[in-house]
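Report on the structure given below.
Residue numbering restarts at 1 for every chain, and letters A, B, ... go by the order of the sequence lines.
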Amino acid sequence: MTSLAEAFSRSRAQGRAALIGYLPAGFPTRDDSVRLMRAMVDAGVDIVEVGLPYSDPLMDGPVIQAAADQALRGGTTPADVIAVAGEVAQTGAATVVMSYWNPVERFGVDRFARDLAAAGGCGVITPDLTPEESADWAAATEAHDIDRIYLVAPSSTDARLRTVSAACTGFVYAASTMGVTGARSTVSDAAETLVLRVREVTHLPVAVGLGVSTGEQAAQIAEYADGVIVGSAFIRLVLEAPGIAEAESAVAGLARELAAGVRRRRIDAGPVT
Amino acid sequence: MTWSRRARIPRSGARVASSDIPAGHFGPYGGRFVPEALTAALDGLDAAYAAAMADPDFHAELDRLQRTYTGRPSPLTEATRFGQEHCAGARVYLKREDLNHTGSHKINNVLGQALLTVRMGKKRVIAETGAGQHGVATATAAALLGLDCVVYMGEEDTRRQALNVARMRLLGATVIPVTAGSRTLKDAINEAMRDWVTSVDDTHYILGTVTGPSPFPSMVRAFQSIIGREAREQVLEATGRLPDAVAACVGGGSNAMGIFAAFLEDPSVALWGFEAGGDGVETGRHAARFAGGAPGVLHGARTYVMQDEWGQTVPSHSISAGLDYPGVGPEHAWLHDTGRAHYAPVTDAEAMDAFEKLCRTEGIIPAIETAHALAGVMRLGRELGDDAVILVNLSGRGDKDVATAARWFGLPAVDESAEGR
Ligand SMILES: Cc1ncc(COP(=O)(O)O)c(C=O)c1O
């Protein structure tokens, strides 16, 4: 089992950014989701983000919505998600869950953190939870040694960046653009500006997500960020594949391309704090 | 850093000073559960709203539009025959929001937010709509003020409220049918939020009810509270006393908060909200958040939500598109828990029965949403007897519902093309 701190210090020691791959648990089926995430890790993903499928994912574009719908139709529960995260964590990759807030609250805030820790997961990304609403969550994650990852956005004020970063542990998730998840042909310049602004207020690693889909984009982002997050591009490959074997090799292929991308980082990119 | 502690729920009936509750919260309800990308916009909206409320020019402009455009104050009508024949002789007063321009209370909130949009220098507005009344009101204000307008509407609702889809398009708005999920109001809100995250620099989201992240619930209530202010004065003038009960239907809860607001401090006045019972709460096919839901988080606020044991939102069902929503405004959740207001479900069949009775005794065709409140008033009349004075928010008119009603009552079908087939 690897923590986020260990994962980032390993990639940092290698002079590169960490690669973070997202897939929803239960997509396309429970067992195949584990198989795909393990394939990601074998192909070079450092940190796995296991999505908890939710009925109203208002941060997500059509690709992740489709995957979440399929996982929910398959009966995926939060307990399944935690179990999947545990199986993925056995690969040795640091494993976090990404979840909208209501399923966590309904499951029981303390119970969620406790069960995830027991399974071997190390953190939770909460896209619609703010530090202001996090009293119970902060206590639960402290008690069970689970990292709390909140998002910052290009529109965040400096004061807001300070508040949100101070509430994070593990890393800070920088949304590259104003928008929902989904692959984009270019990653906006806003991402670099945002990462530099976050560095002013925290020593935590900063990872960039939203819209990343190619090794080229990963290489660009790796020049200024500590982590590169890719989700929809993996899911699209799975949705397009005729079967699980094809999906697995497509996911592994993209993971290799991205892993090469984060290693293409220029040496003169500057010191990482 | 300080972690804000959530306020505890006081025992039933307790009054809570607003200073006990962190900004944007109603007891443990409300707050902001949104992607960080929206935080700056919500803070900006908060500031623009506060500045507008402190600016006499804003009030003067809103007041002018309410008088000369909406047609306020809306009248108070005593429903003599309806009260005598169907409410056990109770004196029933209708607050006539159906007579507003565009046909419902929704215009009150929209004009306020549309003026704010102009003050914020934004050029585009988006809205969700269920029954289409909020969409029509938003399209109307956008035309009046020269704003671009996009309205998200569940595909199922574009079918059952086809007349309003046509009205929005005539007014120059783009209507986008939403095919995700249950294809109703909930999914329209998801889609509007996704648009807003992407477009927030030049776009204001005119949310149509007292739900969503802070400051929407308080702001929408403030713009709707003119209903209660007028009605309280009008009832006092007509009867010389306060009503025994004030009733309204509750979708998100804006027409109810609008009329309740003026009576919150009058302990003798019972406040009643009627939610959609659909086929009956026991069937699971309903939109009764209090009778069939539990506290949770949906669309940016903590409130009562229809959800399964895993926190997944359960689709709602109602004959009325405007009440067909699995969440409810957080202030209603608080009024429910404190016992200051009461909530009860009304089935499709009860609502349609009340719909017909109001048509036949008063010559007023109500919206099907509103008919839920009227069915509630019939119950209250039987409970309170013929001394009672009951005030009900007649939140909208039923033109949009004639095709549905004709089908329900087995009348010859309304022109099929008008149903968007
Ligand atoms: C006439 C009418 N009444 C009531 C409602 C329900 O909304 P709210 O509960 O916000 O008043 C609607 C919503 O579309 C409506 O059109």
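Using a 4.0 Å cut-off between charged nitrogen and carboxylate oxygen, E309(B) and R106(A) do not count as a salt-bridge pair. Looking at R124(B) and D195(B), a side-chain N of the basic residue comes within less than 4.0 Å of a carboxylate O on the acidic one, giving a salt bridge. Checked for salt-bridge contact, E192(A) and R197(A) miss the test: no charged N lies under 4.0 Å from a carboxylate O.
Most heavy-atom pairs under 4.5 Å with chain B, from the set D69(A), T157(A), L129(A), L72(A): that is L72(A). Chain A forms the most heavy-atom pairs under 4.5 Å with one residue out of H299(B), M193(B), R32(B), and that residue is R32(B).
Checking side-chain atoms of T126(A) against main-chain N and O of D128(A) turns up no donor-acceptor pair under 3.5 Å. No donor-acceptor distance shorter than 3.5 angstrom exists from the side chain of T203(B) to the backbone of V200(B), with no hydrogens or angles considered.
For the side chain to side chain contact (heavy atoms under 4.5 Å, CB included) with V50(A), the lone residue among T95(A), V34(A), L23(A) that qualifies is T95(A).
If you measure heavy-atom distances from T313(B) to chain A, the contacts under 4.5 Å come from both the backbone and the side chain. At a 4.5 Å heavy-atom cutoff, P154(A) makes no contact with chain B through either its backbone or its side chain. Residue contact with chain A, scored on non-hydrogen atoms closer than 4.5 Å, involves the backbone of D308(B) exclusively. For A41(B), no part sits under 4.5 Å from any heavy atom of chain A, backbone or side chain. Contacts of V164(A) with chain B are made by side-chain atoms alone, with heavy-atom separations under 4.5 Å and no backbone atom involved. For a residue to count as touching a neighbouring chain, one of its non-hydrogen atoms must lie under 4.5 Å from one of that chain's; by this rule S155(A) touches chain B with backbone and side chain alike. Only the side chain of F107(A) comes within contact range of chain B, with at least one heavy atom under 4.5 Å from a heavy atom of that chain. In this structure, the portion of D60(A) lying under 4.5 Å from any heavy atom of chain B is its backbone and not its side chain.
Not less than 6.0 angstrom separates the ring centroid of Y173(A) from the ring centroid of Y150(A).
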